[in-house]
**Student:** 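Once you've had a glance at the structure underneath, I'll fire off some questions.
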2 protein chains.
Amino acid sequence: MLTIGQLAAHAGVTAKAIRVYHAKGILPEPERDASGYRRYGAQAIIDLTRIVTLAQAGVPLARIPGTLDADADRFGQEIAQIESELRTRIRELEQRRARLRHLDQPHRLCLPPEAIEYMERVRVIGLSERHEHAIRDGFILSYALAPDITRIILPARTALLDDTEYVAVLRAYDDAIEWAPDDPRLEKIADAAARIAERMTMVSDLPDFDQVSPETIDLLSGHVGIESAAWDRLDELLHERLVPGRDAPTTAIGEM
Amino acid sequence: MLTIGQLAAHAGVTAKAIRVYHAKGILPEPERDASGYRRYGAQAIIDLTRIVTLAQAGVPLARIPGTLDADADRFGQEIAQIESELRTRIRELEQRRARLRHLDQPHRLCLPPEAIEYMERVRVIGLSERHEHAIRDGFILSYALAPDITRIILPARTALLDDTEYVAVLRAYDDAIEWAPDDPRLEKIADAAARIAERMTMVSDLPDFDQVSPETIDLLSGHVGIESAAWDRLDELLHERLVPGRDAPTTAIGEM
DNA sequence: CTTGATCTTGCCCTTGGGGCAAGGCTGCAC
DNA sequence: GTGCAGCCTTGCCCCAAGGGCAAGATCAAG
């Protein structure tokens with residue numbers, strides 16, 4: 001006959017855990033010896049081992065008596081279900097382990113595959129970190145606010161990166177961040193941007209355009225988180241060129 | 001900008017979890033809007049996603065800031081360590097899943113491989129369930145009390161099962177459980193048992209015999225949990241035959 | 001204007017034990 | 001026999017990581 005400590009050591013749990021199982025009625029209280037010590041026999045070893053096996057498989061203690069006391073039919077079903085839950089948990093853990101590798105690359109954690117590809121392609125262009133993060137953060141926000149729209153927009157955006165003139169404009173914007181708003185070079189950048197914008201798809205061509213909030217459209221224009229007087233001025237110059245008659249023009253996809 | 005509910009849904013957690021992360025200082029409190037609502041931006045999405053990625057990988061919340069704020073060197077080490085812990089946990093879960101299959105066969109859960117093999121071989125002999133469980137429970141108790149001794153004894157015990165006369169005696173004991181203690185057939189059984197015992201290894205031949213408690217030796221004789229007047233009488237008859245001069249004879253391994 | 005969903009803070013509840021206190025046993029050494 | 005270390009007993013509070021509910025403010029839509 002075993003004491004509680006011997007039983008616990010043999011089952012790989014603590015004596016406290018066994019007392020908890022007694023208190024919850026999961027494991028019957030054994031006989032006491034003359035001095036009040038619990039004394040366990042073979043059946044207690046069997047019962048405890050079954051309990052521990054289930055508990056370690058993630059079964060809540062409250063569910064264990066129902067499982068162990070079930071008749072053969074239901075017992076089999078219960079075990080099969082517990083096994084399948086456990087398989088699911090293992091698969092989840094494996095996926096979570098895979099995600100750990102990307103912990104230092106926020107875009108890989110927070111964006112859908114299309115956007116990850118886009119950001120990888122932007123990276124090789126070699127913009128400033130600040131500009132790249134601004135683009136990334138715009139996508140992260142717009143993906144959180146309107147995942148569907150964001151994913152619809154992405155293929156066209158990615159295709160644009162094959163356009164050397166577009167990439168040149170991106171680089172020019174990058175250079176211009178710190179310029180004064182009256183810098184004369186801004187005119188040339190705005191000219192180039194306007195030429196591109198004219199042959200680009202407009203946001204208003206999207207299906208369900210009327211359901212896209214103005215905020216999302218702003219986000220997709222890529223100016224999130226950068227305060228630049230030169231860029232503000234570039235917005236004005238671009239608007240002049242694109243829609244001379246209006247003062248609140250439609251934003252082009254990929255404008256920037 | 002997102003509300004707490006939008007952020008939570010996007011990150012796959014509850015709003016309450018986010019408030020907990022704020023309270024623990026893991027995720028910085030964001031700005032509030034005019035009515036006191038929390039408003040989250042892209043950086044909060046990134047931060048939360050990193051936190052959730054670690055938390056779901058099983059990292060305790062208290063350890064998360066230290067991991068995320070570490071410099072590149074330590075960060076890499078931390079991630080590698082977390083990954084390896086996670087791998088270990090996954091392997092453990094797979095082993096636990098395997099054990100679930102044996103939940104209805106106590107000997108497979110509670111005994112070492114040698115004893116499992118022994119019990120499988122006893123099963124095909126076709127003893128009564130009661131007798132078989134008595135043998136099993138004896139091993140379970142002795143394995144819990146003295147695992148080393150029990151495993152040392154097992155090969156000889158298993159070899160005995162190849163002895164047809166020994167198996168015949170086992171079956172005779174099984175038949176005799178309910179007999180009256182003065183049943184004349186008991187004499188023949190005791191004769192056969194004595195012939196076997198004489199050519200068997202004695203417990204006293206074991207290395208470290210003096211460290212084996214008498215209780216363990218009793219357990220290994222296989223009478224655990226069965227109250228049978230006939231068996232008690234068989235014990236007496238056997239002792240007469242084996243050690244006529246003594247009244248407390250050494251128990252033979254495999255006596256039964 | 002109402003209604004239902006969402007936000008705020010604050011508080012207690014849960015699971016599966018861990019840890020400590022204060023006292024009683026036990027077994028071994030001296 | 002006397003110590004003393006190590007085990008056992010009960011009872012109590014504590015922990016992580018939220019869940020749930022209350023009571024009130026706010027928002028969005030019909």
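Numbered from 1 within each chain, the chains take letters A, B, ... in sequence-line order. Nothing here was measured: the structure is a model prediction, and the numbers come from that model.
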**Student:** Using the rule side chain to side chain donor-acceptor pair (under 3.5 Å), only one of R89(B), R87(B), Q81(B) pairs with E85(B); which is it?
**Tutor:**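 Between E85(B) and the candidates, side chain to side chain donor-acceptor pair (under 3.5 Å) is satisfied uniquely by Q81(B).
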**Student:** In this structure, how many angstroms lie between the P atom of dT15(C) and the NZ atom of K24(A), rounded?
**Tutor:**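 Distance check: K24(A) NZ to dT15(C) P gives 6 Å.
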**Student:** Are any of the side-chain nitrogens in E114(B) or R157(B) under 4.0 Å away from the carboxylate oxygens of its partner?
**Tutor:**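 Judged by the 4.0 Å cut-off on N to carboxylate O distance, E114(B) and R157(B) do not form a salt bridge.
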**Student:** Nearest-Å distance, NE2 (H10(B)) to P (dT6(C))?
**Tutor:**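 Atom NE2 in H10(B) sits about 17 Å away from atom P in dT6(C).
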**Student:** In whole angstrom, give the distance that lies between atom CD1 of I64(B) and atom P of dA16(D).
**Tutor:**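 Going from CD1 in I64(B) over to P in dA16(D) covers 13 Å.
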**Student:** Can any side-chain N or O of H107(B) pair as donor or acceptor with the backbone N or O of I116(B) at less than 3.5 Å?
**Tutor:**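 Judged by distance alone, no pair lies under 3.5 Å.
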**Student:** Specify whether Y40(B) and H22(B) have parallel, tilted or perpendicular ring planes, treating 30° as the upper limit for parallel and 60° as the lower limit for perpendicular.
**Tutor:**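 Judged by the thresholds at 30° and 60°, the geometry between Y40(B) and H22(B) is parallel.
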**Student:** Can you measure L7(A) atom CG to dT9(D) atom P for me and round it to whole angstrom units?
**Tutor:**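 Rounded to the whole Å, the gap is 11 Å.
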**Student:** For dG16(C), does either OP1 or OP2 sit under 4.0 Å from a side-chain N or O belonging to Y21(A)?
**Tutor:**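 No, Y21(A) has no side-chain N/O under 4.0 Å of OP1/OP2 on dG16(C).
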**Student:** Any side-chain N or O of T14(A) below 4.0 angstrom from OP1/OP2 of dG17(C)?
**Tutor:**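 The answer is no; no side-chain N or O of T14(A) sits under 4.0 Å from OP1 or OP2.
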**Student:** What's the NE2-P distance between H22(A) and dG16(C), to the nearest Å?
**Tutor:**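 Rounded to the whole Å, the gap is 17 Å.
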**Student:** Whether T3(B) contacts dC7(C) is assessed here as follows: a side-chain N or O lying under 4.0 Å from the phosphate OP1 or OP2. Is that the case?
**Tutor:**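 So the side chain of T3(B) is within the cut-off, an N or O lying under 4.0 Å from OP1 or OP2 of dC7(C).
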**Student:** Assign a letter to each nucleotide of nucleotides 23-30 of chain D from its 5' end: B, base within under 4.0 Å of a protein heavy atom; S, sugar-phosphate only; -, no contact.
**Tutor:** ---BS---
**Student:** Flag the pair R97(B) and E83(A) as a salt bridge only when some basic side-chain nitrogen lies within less than 4.0 angstrom of an acidic carboxylate oxygen.
**Tutor:**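 Yes, charged N to carboxylate O under 4.0 Å.
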**Student:** Starting at atom CE of M1(B), determine the distance to atom P of dC7(C), rounded to an integer number of angstrom.
**Tutor:**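 Going from CE in M1(B) over to P in dC7(C) covers 15 Å.
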**Student:** Indicate yes or no: at least one non-hydrogen side-chain atom of I226(A) is less than 4.5 angstrom from one of R130(A).
**Tutor:**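 A side-chain contact under 4.5 Å exists here.
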**Student:** Could you give the CD-to-P distance, from E31(B) to dT8(C), as a whole number of Å?
**Tutor:**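 Between P of dT8(C) and CD of E31(B): 14 Å.
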**Student:** For E31(A), does the CD atom have more than 12 heavy-atom neighbours from other residues, nucleotides or ligands under 6.0 Å away?
**Tutor:**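 It does not: E31(A) CD has 12 such atoms or fewer within range.
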**Student:** Can you tell me how far CG of L103(A) sits from CZ of R50(B), rounded to the nearest 0.5 angstrom?
**Tutor:**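 The CZ atom of R50(B) sits 5.0 Å away from the CG atom of L103(A).
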**Student:** Check the distance between dG16(C)'s P and L54(A)'s CG and give it to me in whole angstrom.
**Tutor:**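 To the nearest whole Å, that distance equals 12 Å.
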**Student:** Which heavy atom of H10(B) sits nearest a heavy atom of C110(A), and at what distance?
**Tutor:**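 That would be CE1-O, 4.4 Å.
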**Student:** Identify the pairs formed between an N or O of the protein and an N or O of nucleotides 9-11 of chain C at a distance under 3.5 Å, and give each distance.
**Tutor:**
unit_1: dT9(C); atom_1: OP1; unit_2: R32(B); atom_2: NH1; d: 3.4
unit_1: dT9(C); atom_1: OP1; unit_2: R32(B); atom_2: NH2; d: 3.1
unit_1: dT9(C); atom_1: OP2; unit_2: R38(B); atom_2: NH1; d: 3.1
unit_1: dT9(C); atom_1: OP2; unit_2: R38(B); atom_2: NH2; d: 2.9

